[in-house]
S.K.: 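Submitted below is the structure of interest, expressed as structure tokens.
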Number of protein chains: 2
Amino acid sequence: MSNKQSTQLKILEAAEQLFAETGFSATSLRQITSLAEVNLASVNYHFGSKKELIQAVLQRYLAVLMPRLDQEFNRLLSAQQPNQLTTVLSVFVEPLLELGQVQPQGTSTFLQLLGRGYTDVQGHLRWFFNHHYGRTLDKFVLLVQQSCPALPASEIFWRLHFSLGTIVFTMASNVALKDIAAADFNETVEIDGVIQRLIPYLAAGIAAPSAA
Amino acid sequence: MSNKQSTQLKILEAAEQLFAETGFSATSLRQITSLAEVNLASVNYHFGSKKELIQAVLQRYLAVLMPRLDQEFNRLLSAQQPNQLTTVLSVFVEPLLELGQVQPQGTSTFLQLLGRGYTDVQGHLRWFFNHHYGRTLDKFVLLVQQSCPALPASEIFWRLHFSLGTIVFTMASNVALKDIAAADFNETVEIDGVIQRLIPYLAAGIAAPSAA
DNA sequence: GTACATTTCAAACAGATGTTTAAATTCGTT
DNA sequence: AACGAATTTAAACATCTGTTTGAAATGTAC
């Protein structure tokens, strides 16, 4: 076997670990290549630039997750009646947990990366995401609108962004929160436990009566 | 008048603007001194280091806001019956809006800085905040617990962090969100409009029935 | 107006960053 | 085994970062 793939993979896995832990811009190529035990220049050789490495790390998960979500959204959209909001939200659970097959700890790592992606680099990654997966995202927004017919579209827009903030922030501080919860409440919380706690919180917030 | 204060103020205001726009670590001292039209070395002369400049920028707002909040929390704690959750949350509105007196656009700027503080620098600012204002924060948590007697403390812990995520993320992407809302829904949204939208969303999420 | 302390300034510092280069090595194919 | 392509390597590159230096300028008090 050629060790081209091997080097690429070593870089990818070291990068995703460090990116998730400390963010994209705070992680240097020298940290990555040092952890991966490869030469510094190999990042530029295999990926071109740091920016393209970041995209490659995210793509490895998005390429699995997004088609899976798209398929679920289509299923719900073909239903005769509007779906319950918690049903729509719960659609994320399984595909996210299946990311553990991409990589051990894949679910947690990906969600942390997602958080970093929104708070770390501004604009660039958001554009990348909307450009590639905007269609799928629109289906989700439509499903939410159908399940909350009483809410105006602009209210839903704001509340979905509020919810994105909850998810992104929670996942970016995932490790810290787990530690605090363990210390203060003797709780052992795994990633799927956090997700299950999120659903009722988000559903209640999104479906809350308008302030008028 | 001595222009010592003048230079310090020019740095402080240029720094807070750039910090809010692009984050703490992404903003260089040369950008700050260039915008403030002062010499590069004056930051270290007046503030000591970049880290201390960051703290000074935040302190200018926290020193006004936190005693104000503490006073409001004491008022609610002295009530005979538990307060409504929306009452507890609404306590933030006025003190936050009064930050406009510290500086034009002060409310919006401070909230963006808060968002940057939690997502940008890890650990350090969180510690600084808890150490200086932990007591005040504890009163708030107590008020929330009193208003939601049915919820276990651990559930409230998680939901308050979920809520912090919403606030921090929303405020960090404040400008972008306002632009999208303006383009997609012909809405003109000011900072107090966002705050008023947040209250019912957060209240519903925090008070949601437990999953189990 | 002279003496002193405070503040400004241009320049340099030491270290880190992403990227490029060109030679050395390894690999697959004939 | 030998050739050519793909990969790895050490070194240097240019640029940026926060910080320090010591002299110049400014302000203040007697």
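Here is how names work: the chains are called A, B, and so on, in the same order as the sequence lines, proteins then strands, and each is numbered from 1.
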S.K.: Select one nucleotide: of C:dT19, C:dT8, D:dG18, the one nearest the side-chain heavy atoms of B:Leu29.
M.R.: D:dG18
S.K.: If I take atom CD in residue B:Gln31 and atom P in nucleotide D:dT17, what distance separates them, rounded to the nearest angstrom?
M.R.: 7 Å
S.K.: Once you round it to whole Å, what is the distance between P of D:dT9 and CD of A:Glu37?
M.R.: 11 Å
S.K.: Using a 4.0 Å heavy-atom cut-off to protein, can you give one letter per nucleotide of nucleotides 11-16 of chain D, 5' to 3': B if the base is in contact, S if only the sugar-phosphate is, - if neither?
M.R.: ------
S.K.: Residues two or more places apart in sequence or in another chain: which of them pass salt bridge (Lys or Arg N to Asp or Glu O under 4.0 Å) with B:Glu13?
M.R.: none
S.K.: Calculate the interatomic distance between B:Tyr45 atom OH and D:dA23 atom P; express it in whole Å.
M.R.: 17 Å
S.K.: Check whether any side-chain N or O of B:Thr7 sits under 4.0 Å from OP1 or OP2 of C:dT8, and answer yes or no.
M.R.: yes
S.K.: Just wondering, are more than 12 heavy atoms of other shown residues or ligands nearer than 6.0 Å to CD in B:Gln71?
M.R.: yes
S.K.: Which whole-number value in Å describes the distance from B:Lys10 NZ to C:dT7 P?
M.R.: 14 Å
S.K.: CG of A:Asn44 versus P of C:dT20: gap in Å, rounded?
M.R.: 6 Å
S.K.: Without swapping roles, check the side chain of A:Lys10 against the backbone of A:Thr33 for a donor-acceptor pair under 3.5 Å.
M.R.: no
S.K.: Is a salt bridge present between A:Arg68 and A:Glu98, judged by a nitrogen-to-oxygen distance below 4.0 Å?
M.R.: yes
S.K.: Among C:dT19, D:dG18, C:dT8, find the nucleotide with the atom closest to the side chain of A:Lys50.
M.R.: C:dT19
S.K.: At under 4.0 Å between heavy atoms, what does B:Thr27 touch on the DNA or RNA strands: base, sugar-phosphate, or nothing?
M.R.: sugar-phosphate
S.K.: Taking only the side-chain nitrogens and oxygens of B:His46, find out if one of them lies under 4.0 Å from OP1 or OP2 of C:dT6.
M.R.: no
S.K.: Would you call A:Glu187-A:Arg197 a salt bridge at under 4.0 Å N-O?
M.R.: yes
S.K.: Measure the distance from CD1 on B:Ile54 to C1' on D:dG18 and round it to the nearest whole Å.
M.R.: 12 Å
S.K.: Nearest 0.5 Å, please: how far is CD1 in B:Ile11 from CD in B:Gln8?
M.R.: 7.5 Å
S.K.: Would you please classify the geometry between the A:Phe185 ring and the B:Phe157 ring as parallel, tilted or perpendicular, with 30° and 60° separating the classes?
M.R.: tilted
S.K.: Respond yes when some side-chain nitrogen or oxygen of A:Ser49 is under 4.0 Å from OP1 or OP2 of C:dG18, and no when none is.
M.R.: no
